[in-house]
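This report concerns only the one structure given below.
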2 protein chains.
Amino acid sequence: MNVILVKNSLSENCHLFFSTLSNPTRLGIVELLREAPRNVTQLAETLHQEQSMISHNLKPLIRCRFVFVEKKWREHIYSLNRETMEPIFKIIDNHVEKYCPSKGSCLKINKKQTGER
Amino acid sequence: MNVILVKNSLSENCHLFFSTLSNPTRLGIVELLREAPRNVTQLAETLHQEQSMISHNLKPLIRCRFVFVEKKWREHIYSLNRETMEPIFKIIDNHVEKYCPSKGSCLKINKKQTGER
DNA sequence: CATTCATATGAATTAATCATCATATGACGG
DNA sequence: CCGTCATATGATGATTAATTCATATGAATG
């Protein structure tokens with residue numbers, strides 16, 4: 001495999017950082033936890049996904065410390081690491097404002113790009 | 001396909017944002033452009049990758065406006081959108097400092113996780 | 001206008017990631 | 001200790017993304 005990333009460089013860290021956040025399910029989780037802490041079951045219900053899927057997707061979020069867990073009796077309460085996440089959202093917000101005003105292709109999810117050429 | 005992401009929500013924008021940056025080749029490009037603007041050939045040489053691969057990977061970076069192009073004679077000079085990228089790097093840096101001090105599993109790329117359990 | 005330099009494109013293979021289902025763990029209540 | 005509520009795990013098939021190779025475009029130069 002290619003050894004593109006310089007050892008201990010910022011971009012080495014960045015890879016896991018970004019790939020963890022580049023998934024719709026995980027972003028959905030983050031978005032919900034932004035409102036309030038929740039447990040897995042609540043997340044699964046609200047996102048209309050299987051519990052196991054939410055569980056699987058929570059793992060990388062926790063591993064990267066984007067989400068914290070607090071064990072409360074038989075429940076596990078998940079909460080967002082706001083200190084890291086809010087500034088990130090703000091940057092993206094600014095970026096979209098300034099560089100993707102129409103959002104036509106810049107940051108919009110256009111799957112299958114029907115008719116694009 | 002699942003419609004997890006709320007329409008026009010932040011996380012809808014975030015998906016392309018993050019997935020564009022969650023690739024080692026593209027992060028390598030970004031890291032180089034952080035030093036100085038370069039053309040495709042220079043990027044390919046420095047990263048020891050095929051020119052076509054760099055070209056392919058530049059496309060999403062440009063589409064998201066993380067990288068700008070300036071056409072100069074027969075060359076295309078690529079440069080980094082520092083306004084967006086530098087704050088991002090700073091946040092990650094802080095995050096790693098505070099939440100991943102040992103970096104053991106937090107943001108380290110541990111492919112194949114040999115022997116991990 | 002043929003050649004070379006610089007870059008882009010497309011199709012096809014390969015690789016990485018996800019979702020899914022079935023099942024396991026674990027803690028608590030009765 | 002049996003049931004059930006809450007969550008996690010593992011293996012596998014499916015989906016998506018990335019790399020590669022071959023080739024195309026395009027602009028300048030002799």
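Order of the sequence lines fixes the chain letters, A, B, ..., with proteins taken first and strands second; residue numbering starts at 1 for each chain.
Taken from CG in L58(A) to CG in L33(A), the straight-line distance is 7.0 Å, to the nearest 0.5 Å. Here OH of Y99(B) is found 4.5 Å from CZ of F68(A). Values are rounded to the nearest 0.5 Å. Here NE2 of H15(A) is found 8.0 Å from OG of S22(A). Values are rounded to the nearest 0.5 Å.
A single hydrophobic cluster is not seen to contain both L61(B) and I77(B); linkage of ILVMFWY side chains at heavy-atom distances under 4.5 Å, directly or through other members, places them apart.
Between the CG atom of L21(B) and the P atom of dA18(D) there is a distance of 12 Å, rounded to whole Å. Rounded to a whole Å, the NE2 atom of H15(A) is 11 Å from the C1' atom of dA17(D). One interatomic measurement links the two molecules: NZ of K59(A) to C1' of dC18(C), which rounds to 14 Å at whole-angstrom precision. In this structure, the CD atom of E45(A) is 13 Å from the P atom of dC5(D), given to the nearest Å. Per the geometry, CG belonging to N39(B) stands 15 Å off P belonging to dA28(D), to the nearest Å. Atoms CG (L61(B)) and P (dA18(D)) sit 11 Å apart, rounded to a whole Å. Put simply, CD1 on I77(B) is 10 Å from P on dA6(C), counting in whole angstrom units. At whole-Å resolution of the value, CZ in F18(B) and P in dT17(C) are 17 Å apart.
Neither OP1 nor OP2 of dA27(D) sits under 4.0 Å from any side-chain N or O of K71(B). Contact annotation: N23(A) side-chain N/O to dC18(C) OP1/OP2 distance is under 4.0 Å.
Nucleic acid contact for S55(A): base, since at least one base atom lies under 4.0 Å from a heavy atom of the residue.
The side chain of T25(A) lies closest to dA19(C), out of dA19(C), dA6(C), dA18(D).
Counting heavy atoms from C-beta on, the side chains of V40(B) and Y78(B) come closer than 4.5 Å.
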Could you give me the CA-CA distance, side-chain angles and deciding distance for F17(A) and F66(A), then say whether ring pair (Phe, Tyr, Trp, His ring centres under 6.0 Å) is met? CA-CA 9 Å; F17(A) 190 104; F66(A) 297 140; 4.9 Å; yes
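Along DNA chain C, the nucleotide nearest N57(A) and the nucleotide nearest V40(B) are compared for position; the residue whose nucleotide lies closer to the 5' end is V40(B).
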What is the per-nucleotide protein-contact pattern of nucleotides 21-30 of chain C, from the 5' end, where B denotes a base atom under 4.0 Å from a protein heavy atom, S denotes such proximity for sugar-phosphate atoms only, and - denotes neither? BB-----B--
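Side-chain contact of N81(B) with R65(B): a donor-acceptor pair under 3.5 Å is absent, judged by distance alone.
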